[in-house]
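Report on the following structure.
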Amino acid sequence: MDWQTQADVVPASIVPEARAHSLLGRAPATGAWRIGDPVGDRRFAEIGTVRLESGETLPEVTIAYETWGELSPARDNAVLVLHALTGDSHVLGSAGPGHPSAGWWEDVVGPGRAIDTERWFVVAPNVLGGCQGSTGPASLAPDGVEWGGRFPFLTIRDQVAAQQALADELGLDRFAAVVGGSMGAMHVLEWAITAPERVERIAVLAGPPAATADQIALNSVQLEAIRSDPAFAGGAYYDAADGEGPSRGLALARRMAMLNYRTATELNDRFARSWQSGLDPLGGGGRFAVESYLDFHGNKFTRRFDANSYLVLTEAMNSHDVGRGRGGAAAALAGIEAKSLVLGIESDRYFPLAGQREIAAQLRGSVHGPDPVVLDSEYGHDAFLIESDAVGRAIAALLAA
């Protein structure tokens, strides 16, 4: 799941030429944040060595994060917000130096919003393995060279272990709520299972109890798109000049992903068979508008993300299975003690509603009973980012419980 601003997720059906021209020029070898780049609103915590499920260790780990609001004297108002696959810590705030896009959830988090930063102290980390300040493949390994393809395999549980170490570093023993969508929802479930004493409430938005064969298959073609790009060079591309990195493979993976996140109905209604310009796409050198839309977002994506991180994070999502080693999903979910919200989307073809129904049916503390809150939206999986009013109401009800 990708985060986007409202301007990105609900644009006109035709990509304006001015927006397309904004991406002219060669893409960088990586869109990762690197040491020496503007810091923006990021803060950094050094959490030391993280021992991974694989048995490997990841040394000298840094987690980038942002905060909003004030921690109460009783330290009982902290809310952890966890991002989706290609998000980062910039939940709230303007675009500018260090932040290529404005905050990705400004209609839900902020003063007077559902997660009211005048009431709650909000913490949002960039995930371990990410590329916007936390240790990931674009970070320097102990030998002074980027990890690249040497970066170890991560699981969702490894990433949650790093988040818990961040909470320790910040002196946060317990969260009033842990909230996340898509990949972030996977993290939320692991928090509730592995650290029940640290979580009072959870919001699981458009996430499954386990990655299914269908979801892994959809992910696999995106991974192959990146690895098949000759410029990927086995992950050792960080010294490549602009335009000589794996931008074609990464953009193609992004285009594939967007077809998972949206719906056929929405694309058909928005674009139909319209042309991008006056040139006929039927042999006249023109393009269909939907092709241009996918190209635009694929190219834009390469300016702010890293191909190796995309591989690492997607494979971590494939690892997700709350029932692994715990007697199955039902047993693992039944042990969750937190007050809970589960939200699904009727039109979601990436993480279908059946997964949220399975989760909600097992949670004893559900504030909505044995069924999830269901959004009826044309936007598919992306609806948890777009349908801000409905999502905000559901989260506000959870925080009031």
| task | Kindly indicate whether the side chain of Leu353, heavy atoms from C-beta on, has any atom under 4.5 Å from the side chain of Asp348. | result | no
dist Leu223:CG -> Thr314:OG1 (nearest 0.5 Å) comes out at 5.0 Å
Taking Ser292 for the side chain and Ala289 for the main chain, is one N or O donor matched with an acceptor at less than 3.5 Å? no
If you define the side chain from C-beta out and look only at heavy atoms, does anything of Arg254 sit under 4.5 Å from Leu250? no
**Item:** Cation-pi geometry met for Arg270 and Tyr293 (6.0 Å, 45°)
**Value:** yes
Can you find a pair of side-chain heavy atoms, one from Asp242 and one from Pro28, that are under 4.5 Å apart?
yes
How about Tyr350 and Asp382: does a side-chain donor come under 3.5 Å of a side-chain acceptor?
no
Residues Ala141 and Arg150: closest non-hydrogen pair is CB-NH2, 3.6 Å
d(Gln163 CD, Leu128 CG) to nearest 0.5 Å is 8.5 Å
Heavy-atom distance under 4.5 Å between the side chains of Arg157 and Arg324, does that happen here?
-> yes
- Item | Over 12 non-hydrogen atoms of neighbours within 6.0 angstrom of CD1 in Ile35 | no
Heavy atoms of Ser347 and Glu378 approach each other most closely as OG-C, 4.2 Å
Quiz item: Hey, are His381 and Ser182 close enough side-chain-wise for a donor-acceptor pair under 3.5 Å?
Solution: yes
When rounded to the nearest 0.5 Å, the distance separating CD of Gln159 from OG of Ser134 is 10.0 Å
Would Gln164 and Thr194 count as having a side-chain donor-acceptor pair, cut-off 3.5 Å?
yes
- prompt: Between the main-chain N or O of Ser72 and the side-chain N or O of Asn77, is there a donor-acceptor pair closer than 3.5 Å?
  reply: yes
Distance col, row Asp107:CG vs Ile386:CD1, nearest 0.5 angstrom, shows 11.0 Å
Taken in chain and number order and not counting sequence neighbours, the residues that satisfy ring-ring contact (aromatic ring centres under 6.0 Å, His included) with Phe288 are none
| message | If you count every heavy atom of other residues, nucleotides or ligands that lies below 6.0 Å from Glu46 atom CD, does the total exceed 12? | response | yes
Report task. Measure up the Phe175 and Trp191 rings against each other and bin them: parallel (under 30°), tilted (30 to 60°), perpendicular (over 60°). Result -> perpendicular
* Asked: Is there a side chain to side chain contact (heavy atoms under 4.5 Å, CB included) between Ile63 and Glu169 once you walk through the steps?
  -> CA-CA 10 Å; Ile63 298 295; Glu169 187 68 21; over 6 Å; no
### Candidate pair Glu315 and Arg227, rule salt bridge (charged side-chain N to carboxylate O under 4.0 Å, His left out), full reasoning
CA-CA 13 Å; Glu315 290 187 330; Arg227 292 180 175 130; 2.9 Å; yes
Residue pair Asn126 / Ser89, side-chain donor-acceptor N/O under 3.5 Å: no
For Gly207 and Gln356 the tightest heavy-atom approach is O-NE2, 3.0 Å
What one should report as the nearest heavy-atom pair of His83 and Met183 is O-CE, 3.9 Å
Open item on the list: I want to check something: taking the side chain as every heavy atom from C-beta on, are Arg75 and Asp173 in contact at a cut-off of under 4.5 Å?
Closed with: no
Could you go through Glu190 and Arg326, starting from their C-alpha distance and side-chain angles, then the distance that decides it, and tell me whether this counts as salt bridge (charged side-chain N to carboxylate O under 4.0 Å, His left out)? CA-CA 12 Å; Glu190 285 296 331; Arg326 296 168 177 155; 2.9 Å; yes
Show me the donor-acceptor pairs within less than 3.5 Å that the side chains of residues 112-125 make with the rest of the protein, sequence neighbours left out.
from   : atom 1 : to     : atom 2 : distance (Å)
Arg113 : NE     : Glu106 : O      : 3.4
Asp116 : OD1    : Gly112 : N      : 2.9
Asp116 : OD1    : Glu118 : N      : 2.9

Contacts of Trp105 meeting ring-ring contact (aromatic ring centres under 6.0 Å, His included) (sequence neighbours excluded), chain-then-number -> none
| field | Stepwise side chain to side chain contact (heavy atoms under 4.5 Å, CB included) check, Trp147 with Leu58 | value | CA-CA 11 Å; Trp147 281 98; Leu58 192 57; 3.6 Å; yes
Item to complete: Decide yes or no for Glu66 and Val91: does some side-chain heavy atom of the first lie under 4.5 Å from some side-chain heavy atom of the second?
Response: no
Below 4.0 angstrom, N of the basic side chain to O of the carboxylate: do Arg357 and Asp371 qualify? no
Q. Please walk me through it: do Asp37 and Arg42 pass salt bridge (charged side-chain N to carboxylate O under 4.0 Å, His left out)?
A. CA-CA 11 Å; Asp37 290 344; Arg42 292 176 184 82; over 6 Å; no
- Above 12 or not: heavy atoms from other molecules or residues under 6.0 Å from CZ of Arg51? no
- Is a side-chain donor or acceptor of Gln222 paired with a backbone partner of Leu218 at a separation under 3.5 angstrom? yes
Of all heavy-atom pairs linking Thr57 and Pro59, the shortest is O-CD, 3.7 Å
| message | I'd like to know if Arg34 and Asp306 make a salt bridge, using a cut-off of under 4.0 Å between side-chain N and carboxylate O. | response | no
For this session: Might you work through the salt bridge (charged side-chain N to carboxylate O under 4.0 Å, His left out) test for Asp88 and Arg304, ending with a clear yes or no?
Result: CA-CA 10 Å; Asp88 63 14; Arg304 67 168 184 83; over 6 Å; no
Main-chain N/O of Pro100 paired with Arg303 side-chain donor or acceptor, under 3.5 Å: no
Checklist entry - Should Glu200 and Arg174 be marked as a side chain to side chain contact (heavy atoms under 4.5 Å, CB included) after you check the CA-CA gap, both sets of side-chain angles, and the distance that decides it? => result CA-CA 7 Å; Glu200 184 176 351; Arg174 184 172 171 85; 3.5 Å; yes
Can you confirm whether Asp143 is buried at CG, in the sense that more than 12 heavy atoms of other residues, nucleotides or ligands lie under 6.0 Å from that atom?
yes
Q) Do Leu311 and Phe151 come close enough that some side-chain heavy atom pair is under 4.5 Å? A) no
* Asked: Is His187 reaching over with its side chain to a backbone N or O of Val178, donor-acceptor style, under 3.5 angstrom?
  -> no
Correct closest heavy-atom pair for Phe351 and Ala206 would be CD1-O, 3.3 Å
Does the Ser319 side chain pair with the main chain of Ile156, one donor and one acceptor, at a distance under 3.5 Å? yes
Q. Can you check whether Met186 reaches Met317 side chain to side chain, under 4.5 Å on heavy atoms?
A. yes
Practice prompt. Dump the intermediate steps for side chain to side chain contact (heavy atoms under 4.5 Å, CB included) on Ile193 and Ile336, then the final yes or no.
Written response: CA-CA 6 Å; Ile193 292 168; Ile336 292 177; 3.8 Å; yes
d(Arg248 CZ, Ile226 CD1) to nearest 0.5 Å is 14.0 Å
CG (Leu375) and CG (Asp389) are apart, to the nearest 0.5 Å, by 11.0 Å
Do any N or O atoms from the side chain of Ser309 and from the backbone of Gly129 form a donor-acceptor pair under 3.5 angstrom? yes
Item checked: Short side-chain donor-acceptor distance under 3.5 Å, Thr155 and Asp158 -> yes
